[in-house]
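These numbers were taken from a predicted model, which means no experiment stands behind them. For reference, positions follow the sequence shown, starting with 1.
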Amino acid sequence: MIKGLMERGLKLPPQPRVVDELQKCQRRQERNVRVVARIISQDAGITAMLFRAVESPVYRHHRPFVSVEKIVQALGIDQVVNIVQAIALATAGNARTHRKIYERFWANSTAIAQLAMLVAEDLVSVCNIFPDQAYLAGVFHDCGVPLLMERFPTYCQAAAPLDQQATWFGLTDEDRKYQTDHAVVGYFVAKHWKLPDFICDAIRFHHDLLRLEDHSARTMVAILQMAFHLYCRSLYIENPEWPHTSATVLYELGMDEITAQEFMDEMLDRYNAVQ
């Protein structure tokens, strides 16, 4: 499948050296804050965007940040690595031609990542998915979209009217027009960037929970779908997938409809409190 994608002109963004070195640190369970900070500081562009990213209200309780080392100390190594990966992915493509659409794409991804992090944090004892893992999946779940934008001009043209919405295209429509879809492309980006296998699988099936058997990947997709639904509610727009997926999502997250309403209200209160 990946050979076919490459033959159609899709180019997977290379993983920056800084991200590769950080992942090696994670694999050998490097917990030295100074070492991690020094690796990040090698890339001036990523360092600058990291400082910009942590200006988000989500991290207001940790501010002010005066150095990369202080950021790593405050947020933890795993979460900082996830943010750096998101920054690297965001800057891997050419966003100048369709700047407005790219900005909306990254705004959507960041918001869903933050909501997924909140959901996982509250349900960690039930779901065994950690907040930093949910954040990473949220940032990357639609990462196939910008690659399709770059490869197919008609994709961007069709996306232009969607500026005020949270959704992209249905997978069926994408398959019919481009012989692939953003979930498949996103899966190969995630594998190429060496994300954990269950997160790669969650990206591949984030619109199709029932096709997953692996428990951790299923749970991650349920968290992503809950986060997306919360994001739609925060924008006061309809989530067309929710009527078809809600029962399965709630079952996977250990809720019924009554407890789910209370849970969603609480998550939105927390999310809105830091916006």
Side-chain angles (χ1 to χ4, degrees), residues 1-2 15 19 22-31 75-86 89 108-145 171 181-231 239 241-242 244-256 259-260 263-264 267 270-271:
M1 186 180 292
I2 186 62
Q15 188 178 47
V19 174
L22 289 173
Q23 288 180 339
K24 288 177 181 176
C25 281
Q26 284 185 312
R27 286 195 290 273
R28 64 174 182 260
Q29 298 184 333
E30 174 65 70
R31 296 289 101 181
L75 304 187
I77 290 173
D78 290 337
Q79 182 64 351
V80 169
V81 172
N82 291 342
I83 295 171
V84 167
Q85 287 184 104
L89 182 66
N108 287 0
S109 296
T110 301
I112 291 168
Q114 291 174 353
L115 283 161
M117 184 169 61
L118 288 173
V119 170
E121 184 177 43
D122 197 82
L123 298 178
V124 66
S125 62
V126 176
C127 298
N128 200 32
I129 297 291
F130 295 100
D132 60 288
Q133 296 171 330
Y135 181 92
L136 186 62
V139 165
F140 273 82
H141 80 286
D142 270 345
C143 67
V145 169
L171 301 187
D181 60 62
H182 71 269
V184 170
V185 176
Y187 170 81
F188 284 114
V189 173
K191 293 290 282 187
H192 185 58
W193 282 48
K194 303 175 184 176
L195 269 58
D197 287 343
F198 80 99
I199 292 181
C200 295
D201 290 339
I203 292 168
R204 172 65 183 88
F205 296 107
H206 69 272
H207 288 291
D208 201 354
L209 176 61
L210 293 177
R211 290 183 61 184
L212 280 169
E213 295 182 2
D214 177 74
H215 178 70
S216 55
R218 276 178 64 93
T219 305
M220 183 66 82
V221 172
I223 290 172
L224 288 175
Q225 292 194 354
M226 172 63 79
F228 179 71
H229 185 61
L230 290 168
Y231 184 48
N239 174 6
E241 295 185 6
W242 191 246
H244 310 291
T245 63
S246 60
T248 307
V249 169
L250 297 185
Y251 177 80
E252 189 68 29
L253 299 181
M255 301 180 193
D256 57 33
T259 57
F263 175 81
M264 288 189 283
M267 290 299 102
R270 291 188 195 176
Y271 175 70

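- Contact of the Val126 side chain with the Leu253 side chain is not registered, since no non-hydrogen atoms from C-beta on lie closer than 4.5 Å.
- Distance check: Met117 CE to Tyr271 OH gives 10.5 Å after rounding to the nearest 0.5 Å.
- Between Gly144 and Val185, the shortest heavy-atom contact is CA-CG1, 3.8 Å.
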**Request:** In sequence, state the C-alpha distance, the side-chain angles, and the governing distance for Met267 and Asp122, and then conclude on side-chain contact (heavy atoms from CB on, under 4.5 Å).
**Result:** CA-CA 9 Å; Met267 290 299 102; Asp122 197 82; 3.9 Å; yes
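- To the nearest 0.5 Å, the span separating OG1 on Thr259 from CG on Asp256 amounts to 3.5 Å.
- Atom CD of Gln133 and atom CG of Asn128 lie 8.0 Å apart (nearest 0.5 Å).
- Between Val249 and Ala222, the closest heavy-atom pair is CG1-O, 3.5 Å.
- Counting heavy atoms from C-beta outward, Leu209 and Thr245 have side chains that stay 4.5 Å or more apart.
- Of all heavy-atom pairs spanning Ala134 and Ala120, the tightest one is CB-CB, 3.6 Å.
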**Message:** Please determine whether side-chain contact (heavy atoms from CB on, under 4.5 Å) holds for the pair Phe140 and Leu195, giving the CA-CA distance in whole Å, both sets of side-chain angles, and the decisive distance to 0.1 Å.
**Reply:** CA-CA 10 Å; Phe140 273 82; Leu195 269 58; 3.8 Å; yes
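- The OH atom of Tyr135 lies 14.0 Å from the CD atom of Glu121; values are rounded to the nearest 0.5 Å.
- Side-chain contact between His182 and Tyr187 is absent, with no heavy atoms from C-beta onward closer than 4.5 Å.
- Between Gln85 and Trp193 the shortest heavy-atom distance is O-CZ3, 3.6 Å.
- The SG atom of Cys200 lies 11.0 Å from the CE atom of Met220; values are rounded to the nearest 0.5 Å.
- Of the possible donor and acceptor atoms, one in the side chain of His141 sits under 3.5 Å from a partner among the backbone N and O of Gly138.
- Side chains of Ile129 and Phe198 form a contact here, defined as non-hydrogen atoms less than 4.5 Å apart.
- Across all non-hydrogen atoms, the minimal contact from Ala227 to Ile112 is CB-O, 3.7 Å.
- The shortest distance between side-chain heavy atoms of Asn108 and Phe228 does not fall below 4.5 Å.
- Between Lys191 and Asp197 the shortest side-chain heavy-atom distance falls below 4.5 Å.
- Taking CE of Met226 as the reference point, atom CE of Met264 lies at 5.0 Å (rounded to 0.5 Å).
- Thr219 is not listed as a side-chain neighbour of Leu123, based on a closest heavy-atom distance of 4.5 Å or more.
- Using modelled atom types, one side-chain atom of Gln225 and one backbone atom of His206 make a donor-acceptor pair closer than 3.5 Å.
- Residues passing the salt bridge (charged side-chain N to carboxylate O under 4.0 Å, His left out) test with Asp201, sequence neighbours excluded: none.
- Residues Leu75 and Gln79 approach most closely at O-CB, 3.6 Å, considering heavy atoms.
- Looking at Ile77 and Cys25, their side chains never come closer than 4.5 Å, going by heavy atoms from C-beta outward.
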**Asked** Between Val189 and Leu89, is a side-chain contact (heavy atoms from CB on, under 4.5 Å) present by the stated rule, with each step listed?
**Response** CA-CA 9 Å; Val189 173; Leu89 182 66; 4.1 Å; yes
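- Applying the salt bridge (charged side-chain N to carboxylate O under 4.0 Å, His left out) test to Glu252 and every residue at least two apart in sequence or in another chain returns Arg218.
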**Message:** Between Phe263 and Val119, does the side-chain contact (heavy atoms from CB on, under 4.5 Å) criterion hold? Intermediate values first, please.
**Reply:** CA-CA 9 Å; Phe263 175 81; Val119 170; 3.9 Å; yes
